[in-house]
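Scroll down for the structure; my scribbles are underneath it.
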Amino acid sequence: MTDTLIFDSDGLTPEQIQMDGKTITYLAAHDIQYVQHPVAEIQRLNVFVPAAYENGGTVNGYTRDTAPIFMPNTVGGYFPGPADDPTRTQWPNNAATIKQALKRGYVVIAAGLRGHTTVNESGQRVGQAPAFIVDMKAAVRYVKYNQARLPGNVERIITNGTSAGGATSALMGASGKSKFFEGALTSLGAAPATDDIFAVSAYCPIHNLEHADMAYEWQFNGINDWNRSQPVAGSMKNGRPKFESITGTLSASDQSLSADLKRQFCDYLNGLQLHDANGQALTVSPDGTGTFQNYLVQLLTDSAQAALDKGVDIHKYAGFTVTNGKVTGLDLKAYLTSLTRMKAVPAFDQLDLGSLENRLFGDATVLNRHFTSFSQEHTMVPAQLAETELVEAVNPLTYLTDKQPAKIAQHWRIRHGAADRDTSFAIPIILATVLQNQGQDVDFALPWDIPHSGDYDLGELFAWIDGLCQ
């Protein structure tokens, strides 16, 4: 059965790219089917290898056998994430990231992953949850199954992604060897290997969806004006839509829902029993204040101080007090007001089933479903509620809180911009803190004035990877 999943190393052929005014040669293999029984054309991967390894050479101290295997994805909004390529120009792509990774000596393997708009040959939807993570696991299993034939060290697999792709990366790191996905992997004919990984790079992961609405209202409750960009219908160019700005104000009913969700977040956060590096409990009082909020203030203050030390005018945003070159205070409400609210209420499980996450939890027959009991109770349209087990299965926190046994990645790098409004700061903080409390190696920060985006600090990312692998 698995013979069709054997990687043919003779299929690696030389290709070239221009980078920094120089010609870079690498070896590539494209459109490799990574499961025995694919249900969509997107289930293919690309392999890219520094050319020096062909003749026993080294790059950045790595050899063919010791090079880390870097596995980025292009998932965003839980849409399909096509297999990436250093020459790809159509959106979405991380071509620049792959180029830099090859220059650094990494073997890059980029897999295509299904999303909620993926359909099969018959036009049937086949990309709703948990398809995105099942495909990523199948790709990792393909790599490990071919460890004797593929260049790179399968014990040093690092995933990378942004937004929903960041959630994909984080979920891979949290759910290694989870039994929940075995049935789907077997149905696809995934390779007989494990899917646990070595390290995670996650930029602004949109995850923990069943608690994200609560967290958003804990952060933005009382800030009633919102603004965001949305795609313009029929405006696609080079695979990417144009965007327009829209604004709104929360109604009295919305404000009431916001207060209810904020209260629910307090119960959720306190139930996690988190603590900081000094052992202090991180909690939230009924009014939203407390040591957890103080921790967020400290993280934002650290971010602002780092920017101030580089000569950046941090008063682009309100709330900061600076004395003799030091950030000495932060009025969090003023900062958040100047940052502005991006989403209405609820932020993710929308009452009209209008969010991308609502589509993620649809199925072959139902386009959208609610995924929280709160939104199901307050729904504005006839709706079904997604199965609790499914919603939990695509949340990295599920595996970190012992609801599902799994092998957790040892090393984590999580970045969420200090100007990112897409989800609450609480969501990545919770993920990082749970991991730290469990003794995992975590590098976490809120980079100054960075919106919802990723791969903006590749030098730092790759230095982190080298520190783990060299």
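Bear in mind the structure is a predicted one, so any value in this text is a computation, not a measurement.
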Is there a donor-acceptor contact under 3.5 Å linking the side chains of [X] and [Y]?
X	Y	result
Asp363	Gln128	no
Gln470	Asn60	yes
Asn73	Asn160	no
Thr66	Asn153	no
Arg421	Thr340	yes
Asp349	Thr372	yes
Asn270	Thr283	no
Asp260	Gln264	no
Ser175	Lys137	yes
Thr398	Glu392	no
Thr321	Thr328	no
Asn294	Thr291	no
Asn93	Asp84	no

Would you mind reporting whether [Y] and [X] have side-chain heavy atoms less than 4.5 Å apart?
X	Y	value
Met342	Asp422	yes
Gln219	Phe265	no
Lys343	Gln350	no
Phe198	Cys469	yes
Ile246	Ser229	no
Tyr399	Pro405	no

Any donor-acceptor pair under 3.5 Å linking the side chain of [X] with the backbone of [Y]?
X	Y	result
His315	Asp313	no
Asp276	Asn278	yes
Ser258	Asp254	no
His207	Ala212	no
Ser303	Leu446	yes
Asn368	Gly362	no
Ser169	Thr159	yes
Thr379	Glu377	no
Asn94	Thr74	no
Ser338	Ala318	yes

Trp448-Phe320 aromatic ring centre distance below 6.0 Å: yes
For the rings on Tyr106 and Phe462, is their centre-to-centre separation under 6.0 Å? yes
Rounded to the nearest 0.5 Å, what's the gap from [atom1] on [X] to [atom2] on [Y]? Could you check?
X	Y	atom1	atom2	value
Phe292	Gln280	CZ	CD	12.5 Å
Leu250	Trp226	CG	CH2	9.0 Å
Trp464	Asp457	CH2	CG	11.5 Å
Leu282	Thr433	CG	OG1	6.0 Å
Leu468	Ile158	CG	CD1	7.0 Å
Leu390	Leu360	CG	CG	7.5 Å

Minimum heavy-atom distance [X]-[Y], with the two atoms named:
X	Y	answer
Ala164	Val75	CB-CG1, 3.8 Å
Ala67	Gly105	CB-O, 3.4 Å
Pro396	Ala167	CG-O, 4.4 Å
Pro92	Pro82	CG-CD, 3.8 Å

Does a side-chain N-to-carboxylate-O contact under 4.0 Å join Arg104 and Asp466? yes
Indicate yes or no: does Arg369 engage Glu387 in a salt bridge with an N to O separation below 4.0 Å. yes
Between Phe348 and Asn208, does the side chain to side chain contact (heavy atoms under 4.5 Å, CB included) criterion hold? Intermediate values first, please. CA-CA 11 Å; Phe348 294 91; Asn208 199 354; over 6 Å; no
Which class fits the ring pair Phe371 and Phe361: parallel under 30°, tilted 30 to 60°, perpendicular over 60°? tilted
Should the pair His416 and Phe425 be assigned to parallel (<30°), tilted (30 to 60°) or perpendicular (>60°) ring geometry? perpendicular
Does the side chain to side chain contact (heavy atoms under 4.5 Å, CB included) test come out yes or no for Arg413 and Phe444, once each step is laid out? CA-CA 6 Å; Arg413 186 178 192 269; Phe444 174 66; over 6 Å; no
Going by the salt bridge (charged side-chain N to carboxylate O under 4.0 Å, His left out) test, which pairs reach into residues 210-230, not counting sequence neighbours? Glu217-Arg341
For Tyr268, what residues pass the ring-ring contact (aromatic ring centres under 6.0 Å, His included) criterion, not counting sequence neighbours? His211
Verify side chain to side chain contact (heavy atoms under 4.5 Å, CB included) between Phe48 and Val107, making sure each step is shown before the conclusion. CA-CA 6 Å; Phe48 307 104; Val107 172; over 6 Å; no
Candidate pair Leu261 and Phe374, rule side chain to side chain contact (heavy atoms under 4.5 Å, CB included), full reasoning: CA-CA 8 Å; Leu261 286 165; Phe374 182 91; 3.8 Å; yes
If you count every heavy atom of other residues, nucleotides or ligands that lies below 6.0 Å from Gln273 atom CD, does the total exceed 12? no
Tell me, yes or no, whether the heavy-atom count around Met380 atom CE, taken from other residues, nucleotides or ligands under 6.0 Å, exceeds 12. no
